[in-house]
*Asks:* 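The structure is given below, and queries will be raised subsequently.
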Amino acid sequence: MMDKKEKKFLTVAPFECAWRKDLKFREAGRGCVAFEAFAHNDVTLVFRENVGSQHYHYKRDNSPHYTVILGSHRNRRLKIEVDGNTVVDVEGVGLCSSSAFQSYWISICDGLISIGKGKYPFQNLVFQWLDSHPNCAVRYIGLSSWDKHVGYRNVSVLPLTRNHISLWKHVDCGEYICEDDDEEELEDERTAYEKWGIEDFLENWELSDVLFIVGTEERPVPAHKSILVASGNFPLTSSEDILRLKGVAYPVLHALLQYIYTGRTQIPEPQLGSLRALGLQFEVIPLVKQCEEAMERWKLNKKLFDFGKSVELSYPYTRPNCCTAFPFGVPVDIPRLKQLYLTSKYSDVNIYIEGHGLIARSHKIILSLWSLPFAKMFTNGMSETISPEVILRDISPEAFKGLLEFMYSGELSLEAAVDSGALLLQLFLLADQFGVTLLHQECCKKLLEYLSEDSVCLVLQVVSSIPSCKLIQETCEMNFSMHFDYCTTASVDFVLLDETTFRNIIQHPDLTVTSEEKVLNAILMWGVKAKEEYGWEMIDEMMIHCTPELLFGDRLQTVNHLLSFVRFRLLPLPLLEKLGKSNIARHSSTFSNLVMEAINCIKHGLARPENEHNLRIQHRRSSYKELQYICDGDSNGVLYFAGTSYGEHQWVNPVLAKRITITASSPSSRFTDPKALVSRTYRGTSFAGPQIEDGHKSTWWTVDIGADHQLICNYYTLRQDGSRAYMRYWNFQGSLDGKTWTNLRAHENDQTICKPGQFASWPVIGQNALLPFRFFRVVLTGPTADASNPWNFCICFLELYGYFH
Amino acid sequence: MSGQKKRSFLNEAFKHQVVFFQECVEKTWKILEHAIHEIYNHNLSSFSFEEVYRHAYNMVVHNFGEKLYSGLLTTMTYHVKEMFKLIEAAQGELFLEELNRNWAEHNKAVQMIRDILVYMDRNFIPSTPKTPVREFGLNLWMDVVIDASKTRSRLLDTLLELVHREMSGEVINRGLMRNIIKMLMDLGFTVYQDDFEKHFLKVSADF
C-alpha cells in the first residue's frame with residue numbers, strides 16, 4: 001500500500017494560484033480544507049464563489065473572497081483578508097510556513113474561520129475569527145503563493161458535519177480527494193439517526209408539557225418547559241401549562257420557537273419588530289440582539305433585502321466543530337440548563353437503576369433529543385411511555401450520571417475522563433448503547449488521547465464487539481503491535497482478545513518485537529487461554545499428556561494459521577532445533593513443517609533467498625533499533641553502542657570486548673591497530689597498507705558487527721589521522737558474508753577531507769541503503785593525496801549509523 | 001497501583017458478563033421473539049422498552065446479531081403469512097378492506113420493531129450486506145402478499161371494478177381506494193405502474 005501512495009505534490013509558482021474544480025465545498029459557505037504545505041513564507045489559500053485562473057491573484061480580485069496567509073511578513077505572521085482588506089494580522093500564533101511539509105486545516109462555517117494544525121481536521125484548533133458580515137457564498141479553494149514557491153499535497157475538502165470522527169478516514173487517502181459518491185448514499189441511510197436532535201421536537205406534541213395559545217384564532221402550539229426555561233425567561237410554573245398570547249400572530253411565535261429549537265429562523269421583514277418584541281418579552285437575548293442587528297442593516301441598506309423580503313436570523317455557533325448539536329447551535333443558556341439538572345425543576349421522569357435506587361429526576365425531552373432510543377422509549381406506547389419511572393439495568397450509576405451531566409451541558413466533564421479510564425470506557429459504552437453520537441465521539445477522542453500500553457488491551461476487549469468503534473479498534477491494534485513485548489508480558493489479558501483482533505495484531509505491519517520467540521509464545525498462550533505468563537516450553541510440557549485439540553480447543557485452527565506468521569528463520573539455530581524436537585512439533589504438523597523449513601534454510605545458507613518480497617524471512621522492519629547520526633564523533637553510532645554491549649554497561653573498547661572485529665588489508669602493527677579505530681582517541685599515525693589481491697593493490701578497513709547483528713546503514717563517519725595522505729577515491733561497502741560486497745557509497749575525487757585529524761561524515765542513499773548487512777568496509781579505489789605513499793588508507797576513527805538489529 | 005486494581009476489577013466484570021450472556025442467549029432470544037409476536041398482537045403496552053432494547057443490544061454486542069436478525073426474519077414472515085391467510089379468505093369488497101387493515105397493521109408493527117431493534121438496525125446491519133428492517137418489511141409484504149398467485153389479479157380486478165362503479169356514478173369508499181393505491185406506491189413506483197396505472201389508463205380510455 002505504501003508503494004502505491006506516491007509522494008506527488010503540487011508546486012505553486014510565485015504570484016500564481018492553482019484552482020481545481022474538485023477543490024470545492026459541498027455546501028456554499030461551509031466546509032473544511034485539510035492540506036500539507038511547505039514554503040519559505042506565505043502559504044496562501046483563497047476562498048471564493050467561483051474558480052479563478054492560474055494567474056489569478058487575490059490582490060487584484062474584485063469579487064468577494066477570503067484569503068488566509070500562513071507566514072506572511074517573512075514568515076512571522078498569520079493574516080486573514082476579506083475582499084483584499086486585512087482583518088487579522090497576528091504574530092506568534094504558530095501558524096507559519098514550514099520548510100518541510102506540515103499539515104494544516106482551515107474550516108469556514110458561515111463566516112467563522114478556524115485554522116488548525118495537524119492531520120486531523122477540527123483537532124488542534126489554533127486560531128479562530130468570526131466575520132461579522134459572513135460571506136456565505138465562498139465555495140472554491142485556490143492554492144496560492146506570494147514571492148516564493150509553495151508546495152501543496154494531500155489536499156482534501158471535507159464537509160462540515162457533526163460526525164467528524166468519520167472524517168478522519170478521508171484524510172491521508174491521497175491527492176485531492178473529495179467525497180466518494182457511494183459513500184454519500186450510505187450516509188443517507190444513516191441521516192435519520194445522525195440528524196436526530198432537538199429540531200425534531202419543534203412544535204411537536206410528543207413530550208410537550210406546555211401550550212401556547214396564539215392569535216385571535218386561538219391556535220394551540222406545543223412546547224417543552226425545560227427547553228424554554230433554558231433559552232429565556234418564560235412565565236412558567238409547575239402547575240400552569242398554558243401560555244396565552246392573544247396579541248401575537250402565529251408566524252411570529254413560530255419564528256421564536258424555530259429560533260429556540262433549531263438556532264435559525266426566517267421572518268418577513270415587517271414582522272421583525274414583533275419578533276423582537278416577543279423575544280424581549282421572554283428574554284431570549286440572542287434573538288433580540290440579532291433582530292436589532294438585522295433592523296440596523298435594513299436601515300442602512302434597503303436593497304439588501306429587496307428580493308425575498310425575508311430576513312434570515314441564525315444563532316452564531318459557539319463551536320465550529322459541532323454545528324447543529326444541542327446545546328451549542330441553539331440559544332440555550334448552559335448555566336441555566338445545568339441548573340435544571342441540579343434542581344430537577346419541571347422534571348417528568350424518575351430514573352432508577354436496579355440495585356442502586358433513584359439516580360435522577362430528569363426531563364424526558366432532554367434525554368430524547370440526544371438519544372433516539374430514549375425518545376422511542378418515552379413515546380412509542382410501551383410501558384415507559386405512560387409511566388413516570390424508568391428502571392435501567394446492567395448500567396453503572398456513575399457512568400449514567402456522567403451521561404446525564406453530558407446531556408445537560410454538552411461537555412464531557414474532565415473529571416470523568418481523567419480520573420478513571422474505566423469510567424470513561426463505561427461512558428463510551430453507554431453512549432454507544434443509547435446512540436448519543438456526540439458523547440460517543442468525545443469519549444472516542446478522550447480514549448485515544450489517554451490510550452497507553454496499559455489500557456490498550458482492555459479497550460480492545462471492550463470495543464472489538466462494538467461495530468461503531470473501528471477507529472479506536474485500529475488505533476489500539478497498532479498500539480498493541482508496536483508495544484508487543486510489553487503488552488504480551490505485562491499481563492495476560494491479551495488472551496481474552498477475540499480471534500479477529502488477535503489475528504490483526506499478529507499480522508500487523510508495524511509489529512515490533514525483540515525476538516520472534518515472543519511472537520511464538522504469545523500465539524501459544526493465546527491459544528491455550530493462559531492464566532499466567534509462560535513460554536513455549538510450558539506448552540511443550542503440557543503436550544506430553546495432551547493433544548493440541550484438547551489444549552487449544554476452538555482456537556486450534558486459528559493458532560495453526562497464525563503460526564505461519566512467526567518468522568522462524570529469524571530465530572537462532574539451536575532454538576529452532578529445540579523446537580523441532582519438542583512435543584509441539586511432534587503433535588502439530590503445521591508447526592514442525594514451519595520449523596523444519598527454517599532449519600533447512602539456515603543450514604543450507606539460504607538465509608537470504610532471491611525472493612526478497614517474502615515477508616516471512618525479512619526482519620520486522622521496526623524491530624531494528626534506530627541509531628541516528630547527530631554529529632561527528634558523537635556517541636550514537638553502532639560501534640559505540642557495541643562498546644556498551646548494546647546498552648548493558650559503560651563504554652569499553654568494543655574490539656577488546658570482542659563485540660566487533662576490525663581487520664585491515666595489512667597485518668596488524670603499531671600503526672595498523674584495529675582497536676585504535678574505535679578507541680575514541682586521536683592517533684597521529686594510523687593506516688592500513690596495501691596488499692595484492694588478484695594482481696591489484698588493495699587497501700581497506702573492515703568492520704564485522706557479529707553474526708547475530710545486522711545494520712541497515714544510513715550514515716558513516718571517518719577521521720583522518722595526523723598525516724596529509726587524504727583519501728580521494730574510495731568506496732563504502734556492505735556485505736553479508738565478508739566475500740561479496742555491495743557498494744553503499746562510491747567517492748570519486750572527494751575533496752571533503754583536507755586537514756590532518758579532520759572528521760567527515762556522509763549519508764548513505766539509494767536503493768542499497770535499505771539493505772541490512774553484517775560486514776562493512778571502506779576500500780581505496782584510487783591513490784590518496786600523498787604521492788609518496790599513495791595506497792595507505794590513513795584513518796584513525798570509524799563509526800556507522802542506521803537501523804541496528 | 002490503584003489503576004491496576006481497577007483495571008483488573010473491570011476486566012473481571014466484563015469476563016463475567018460475556019460468559020454469563022452466552023449461557024442465557026436462548027432465553028434472551030425467547031423474550032425478544034415473544035415481544036415481536038406481541039407487537040403483531042397489539043399487546044406491547046405492558047412490555048418495558050428498556051428491557052427489550054437492552055436484550056437486543058446485548059445480543060448484537062455479544063456477537064449474536066446474526067441470530068437476532070435471522071430470528072426476526074422468521075418471526076416476521078410467520079406473521080405476514082398469517083395476515084395473508086386472512087386477506088385471502090376475505091370475500092368481495094371485504095378483500096380490499098382486509099388488505100388495507102393488515103397493511104396498516106404490518107406497517108405499524110415494522111415501525112415498532114425498528115424502534116426496539118434500533119441498535120441492530122444502526123450498528124449491526126450496516127456492517128453486513130443485510131437488508132434494513134424497514135426495507136425488509138416492504139419486501140416481505142411484496143413477496144408474501146402481493147406476489148402470491150391470486151392476489152395480483154384479484155387486487156387489479158377489484159380496483160378496476162371500483163373505478164368502473166365510480167365512473168358509472170356510484171359512491172365508493174374513496175379513502176380505502178386511496179390507501180390501497182398508496183400501498184402500491186410505497187412498494188415502489190414500478191409496482192404501482194405495472195399493477196395498476198397501465199390497466200387503469202386502458203380502462204379509462206375504454207370508458
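A note on names: the letters A, B, ... follow the listed sequences, proteins ahead of strands, and every chain is numbered from 1. Note that the structure is predicted; figures quoted are calculated from it, not measured. Excluded from the calculations below are hydrogen atoms, water molecules and symmetry mates; all remaining heavy atoms, backbone and side chain alike, are included.
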*Asks:* With only heavy atoms counted, which part of B:Y119 is less than 4.5 Å from chain A, the side chain, the backbone, both or neither?
*Replies:*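 B:Y119 touches chain A through side-chain heavy atoms alone.
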*Asks:* Using heavy-atom distances under 4.5 Å, tell me whether A:I386 contacts chain B through its side chain, its backbone, both, or neither.
*Replies:* neither
*Asks:* What do the steps show when you test B:E66 against B:K130 for salt bridge (charged side-chain N to carboxylate O under 4.0 Å, His left out), and what is the final call?
*Replies:* CA-CA 10 Å; B:E66 196 68 48; B:K130 297 190 191 309; 2.8 Å; yes
*Asks:* Can you tell which part of A:F434 gets under 4.5 Å to a heavy atom of chain B, answering side chain, backbone, both or neither?
*Replies:*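 When you check distances to chain B, atoms from both the backbone and side chain of A:F434 fall under 4.5 Å.
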*Asks:* Which atoms of A:D498 come close to chain B, meaning under 4.5 Å heavy atom to heavy atom: side chain ones, backbone ones, both, or neither?
*Replies:*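 Neither part.
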*Asks:* Using the six-membered ring wherever Trp is involved, compare the ring planes of B:W141 and B:H106 and label them parallel, tilted or perpendicular (cut-offs 30° and 60°).
*Replies:*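 The rings of B:W141 and B:H106 lie parallel, inter-plane angle below 30°.
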*Asks:* Of all heavy-atom pairs between A:F494 and A:W526, which one has the smallest distance, and what is that distance?
*Replies:* O-CD1, 3.5 Å
*Asks:* Does a donor on one side chain and an acceptor on the other come within less than 3.5 Å for B:N139 and B:E135?
*Replies:* no
*Asks:* Where on B:S46 is there a heavy atom nearer than 4.5 Å to chain A: the side chain, the backbone, both, or neither?
*Replies:* backbone
*Asks:* Quiz question: by atom type and distance under 3.5 Å, do the side chains of B:H37 and B:N41 form a donor-acceptor pair?
*Replies:* no
